[in-house]
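Working notes for the structure below.
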Amino acid sequence: MTQPGPPEPTGHPAGQKARHFIHQEIDQDLASGRYQDVHTRFPPEPNGFPHIGHAKAICAVFGLAEEYGGKCNLRFDDTNPSAEEERYVQAIQEDIRWLGFDWEDRLYFASDFFETLYEWAQHLIRTGYAYVDHLSMEAIRAGRGRRDRPQDPGEESPYRNRPADESLADFAKMRAGDYPEGACVLRAKIDMAHTNLLMRDPVLYRIQFAHHHRTGDAWKIYPTYDMAHGQCDALEKITHSLCSLEFANHRPLYEWLLDHLPVQSHPRQIEFARLNITHTVLSKRFLRTLVETGKVDGWDDPRMPTLRGMRRRGFTPASIRNFCQRIGMTRTLSTIDLSWLEEELRKDLNQHADRRMVVLDPLKVVIENLPEGERLECQATNNPEQPNSGTRTLQLTREVWIEQEDFREEANRKFFRLKKDGSVRLRYGYVIHCHDVVKDSEGRVTEVRCTYDPETGGGKTPEGQAKVKGIIHWVSKEQAIPIEVHLIDVLFSDPHPMAGEADDYLHKLNPDSRTVLQGCQAEPSLQEARPGQPFQFERLGYFVLDAPDGQPNADRLVFNRSVSLRDSRPQDGA
RNA sequence: UACCCCAUGGUGUAAUGGUAACACUACAGAUUUUGGUUCUGUCAUUCUAGGUUCGAGUCCUAGUGGGGUAACCA
């Protein structure tokens, strides 16, 4: 039979998609005829906002379906009403679409299948594979085995061998709400001596009176993950059910249930390692703590590894997809260096972000031989990587702002920006020469006095003159608009915040994860910046207009630095 | 502790019993109106011990190290 998969690669040739162990498994399944096509699913529980770790899974399942010409469903695993909310259902869909994936008309909810799952539970009871157990939660837990001696077999519940009719009647009463929460559960009857403790008669249904975001108060009982997940996979005719490694222990149960239920199809669970990234935490619980304790401003704080946080920070869908492509899929535990994410973002933004000039920490330069009121027009390229991006006109005036950092009264030879009695080129403008400085009473330079060379416009170097190596950015004082800039740094100074004791991570937060800079000076075109529109502020990095909850700040222009430019300045050069 | 999973340069990923490779980082150089981009080069790798085999990163056994699970969460 022919396989739709890509050709056999060796290594990672440029431009060719990396192939991983799941490709190989799928190839075999198609070759052996186990499955005729590839149908995957993304199964989030609507109880939080997706983060970059989810992006890995999303890219994998949607990507695999696409590569094999198959389909990928979106299914909300909404089997625990006390934890789940409608707003997350919306947010998750928004984030997946933003990443660029489409489930078309295949949007499902586990709750869509509650009636079938109920019937299947009855089926298990009738066939002698499930029973209603009135033992307390503690008693059940104890009966499954001692924590310190898990090798010993568990103890069978006294309800284990009750007649099916009795269980059936009790199960109906559970559904009807005749029993209070916690009074009883439905358990599978498997093997109380199994070495995998999950197989020691796991709970399949429990009573919950919580209001469900979709089914309201129609149900008093809800299936557990194990009773719902594989069954929904089967009902949706999923072929390859991908999940993270912590579910590997559930696979025998996944198989057992499919084997004992009248399912029409038999999906296959494949586990992969979840994503870890240095300097951050990727777990809903820990991220929630950061939000709830006010360590960050919210789920969409630009420092958060949530997709909405990253979006607000200026990450692009392409950069995230490329990142996920690059890290691959394995069963090996790994921690990816945060710089990989930043590198992918730079790669994308270098191609697509228009260039602008902004001075973060302004120092006044007076060009003495440029009369007040006179303007020198300079043509600035919008994006050197995109020949068709055009140019814009900047006005060079007598007074301009440059970066404090770009001026030194004295400096060594490796410093090739502006110093006293030295020259530097104003980007897109002219070469200026500094011959004097003005200082305040404390000796700080408040003003730099320069002259410009009219022969050096358009990047020209006049005959016989040495080429000026340093080029710095600038903004006309007359034209500048004030903006606020937020520099974003790592959330945790420790590369491995999760190492160590339970809640240590809260003490490893980087106190300087956000630096607010007020009084920055920007070229006037930035007045028109739109949310999500990426810019490179020349020599400073990539920036995006801040838009909390998708809306720009009404009272002022705030830009977040998505990522800095790679900086190879030598340490002693400053 | 029991069960399950994992182990290849600093990092990540390939090599499907047959010459250990690719990318990133680091470092060096070239180009450059961004100390950016781009290009070139250099350094560096199979956890340990046995076994199977003509041949082992790959298969087997044991050890060591790391991780997951041991919820009426998913």
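Everything numeric here is computed off the predicted structure, so don't read it as measured data. Worth knowing before you read on, the calculation uses all heavy atoms, side chains too, and leaves out hydrogens, waters and symmetry mates.
- Residues meeting the ring pair (Phe, Tyr, Trp, His ring centres under 6.0 Å) test with A:Tyr131, sequence neighbours left out: none.
- Shown here are the side chain to side chain contact (heavy atoms under 4.5 Å, CB included) partners of A:Pro252, two or more places apart in sequence or in another chain: A:Asn196, A:Met199.
- Taking the side-chain hydrogen bond (donor to acceptor under 3.5 Å, both in side chains) definition, one finds that A:Asp152 meets it with A:Arg149, sequence neighbours left out.
- At a threshold of 4.0 angstrom between heavy atoms, the contacts of A:Thr335 are confined to the sugar-phosphate backbone, with no base atom among them.
- Relative orientation of the A:Phe171 and A:Tyr118 rings is parallel, given thresholds of 30° and 60° on the angle between their planes.
- Here A:Asn80 pairs with A:Ser82, A:Gln208 under the side-chain hydrogen bond (donor to acceptor under 3.5 Å, both in side chains) rule; sequence neighbours left out.
- A parallel orientation is assigned to the rings of A:Phe76 and A:Phe109, their planes being inclined by less than 30° (bins at 30° and 60°).
- Closest heavy-atom contact between A:Pro267 and A:Gly230: CG-O, 4.1 Å.
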- prompt: Using a cut-off of 4.0 Å between protein heavy atoms and nucleotide atoms, how would you tag nucleotides 69-74 of chain B 5' to 3' with B, S and -?
  reply: SSSBSB
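- Residue A:Arg427 is in base contact, counting any heavy-atom pair closer than 4.0 Å across all strands shown.
- For RNA chain B, runs of at least 3 consecutive pairs of the Watson-Crick or G-U wobble type, with both hydrogen-bonding distances under 3.5 angstrom, map to B:1-7 with B:64-70, B:10-13 with B:21-24, B:26-30 with B:38-42, B:47-51 with B:59-63.
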N/O donor to acceptor pairs below 3.5 angstrom from side-chain atoms of residues 466-476 of chain A, sequence neighbours left out:
unit_1: A:His473; atom_1: ND1; unit_2: A:Arg539; atom_2: NE; d: 3.3
unit_1: A:His473; atom_1: NE2; unit_2: A:Val358; atom_2: O; d: 3.4
unit_1: A:His473; atom_1: NE2; unit_2: A:Glu403; atom_2: OE1; d: 2.6
unit_1: A:Trp474; atom_1: NE1; unit_2: A:Arg427; atom_2: O; d: 2.7
unit_1: A:Ser476; atom_1: OG; unit_2: A:Thr397; atom_2: OG1; d: 2.9
unit_1: A:Ser476; atom_1: OG; unit_2: A:Glu478; atom_2: N; d: 3.3
unit_1: A:Ser476; atom_1: OG; unit_2: A:Gln479; atom_2: N; d: 3.3

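- Heavy atoms only, all atoms of each residue included: A:Leu394 and A:Tyr428 are closest at CD1-CD1, 4.3 Å.
- Of the candidates B:U37, B:U34, B:G35, the closest approach to any side-chain atom of A:Arg355 belongs to B:U34.
- Within the 4.5 Å cutoff, no side-chain heavy atoms of A:Phe537 are placed close to those of A:Tyr542.
- Looking at heavy-atom distances under 4.0 Å, A:Thr330 makes contact with sugar-phosphate atoms alone, never a base.
- Scored by the ring pair (Phe, Tyr, Trp, His ring centres under 6.0 Å) test, A:Phe113 finds no partners at all (sequence neighbours excluded).
- Side-chain to base pairing of A:Arg146 with B:U1: no donor and acceptor N or O lie closer than 3.5 Å to each other.
- Neither OP1 nor OP2 of B:U33 sits under 4.0 Å from any side-chain N or O of A:Arg425.
- For A:Arg417 against B:G35, a side-chain N or O and a base N or O form a donor-acceptor pair under 3.5 Å.
- At B:G35, one or more side-chain N or O atoms of A:Arg539 fall inside 4.0 Å of OP1 or OP2 (strictly under the cut-off).
- In this model, no side-chain donor or acceptor of A:Glu343 finds a partner on the base of B:U25 within 3.5 Å.
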field: Where protein sits on nucleotides 57-67 of chain B, one letter per nucleotide: B base, S sugar-phosphate only, - none, heavy atoms under 4.0 Å
entry: ----------S
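- Judged as a salt bridge (Lys or Arg N to Asp or Glu O under 4.0 Å), and not counting sequence neighbours, A:Asp361 has no contacts.
- The minimum heavy-atom distance linking A:Pro46 with A:Ile92 is given by the pair CA-CD1, 4.0 Å.
- For A:Gln24 and B:U16, a side-chain-to-base donor-acceptor distance below 3.5 Å is present, hydrogens and geometry of angles not being considered.
- For A:Glu271 against B:G68, no side-chain N or O and base N or O form a donor-acceptor pair under 3.5 Å.
- Remark: A:Phe209 pairs with A:Glu181, A:Ile207, A:Lys220 by the side chain to side chain contact (heavy atoms under 4.5 Å, CB included) rule, at least two apart or across chains.
- The residue among A:Asn350 and A:Ile336 whose nearest nucleotide of RNA chain B lies closer to the 5′ end is A:Ile336.
- Rounded to a whole angstrom, the distance from the C1' atom of B:G9 to that of B:U42 is 14 Å.
- A side-chain donor from one of A:His352 and A:Asp348 sits under 3.5 Å from a side-chain acceptor of the other.
- Using a 4.0 Å heavy-atom distance criterion, A:Leu565 is classed as a base contact.
- Remark on RNA chain B: of its neighbouring residues A:Ser334 and A:Gln536, the 5'-side contact belongs to A:Ser334, judged by nearest-heavy-atom nucleotide.
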query: In B/S/- notation, 5' to 3', how is nucleotides 39-46 of chain B contacted by protein heavy atoms closer than 4.0 Å?
result: --------
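- Checking B:U25, B:C24, B:U34 against the side-chain heavy atoms of A:Ile471 singles out B:U34 as nearest.
- Nucleotides B:C6 and B:U19 have their C1' atoms positioned 28 Å apart, rounded to a whole Å.
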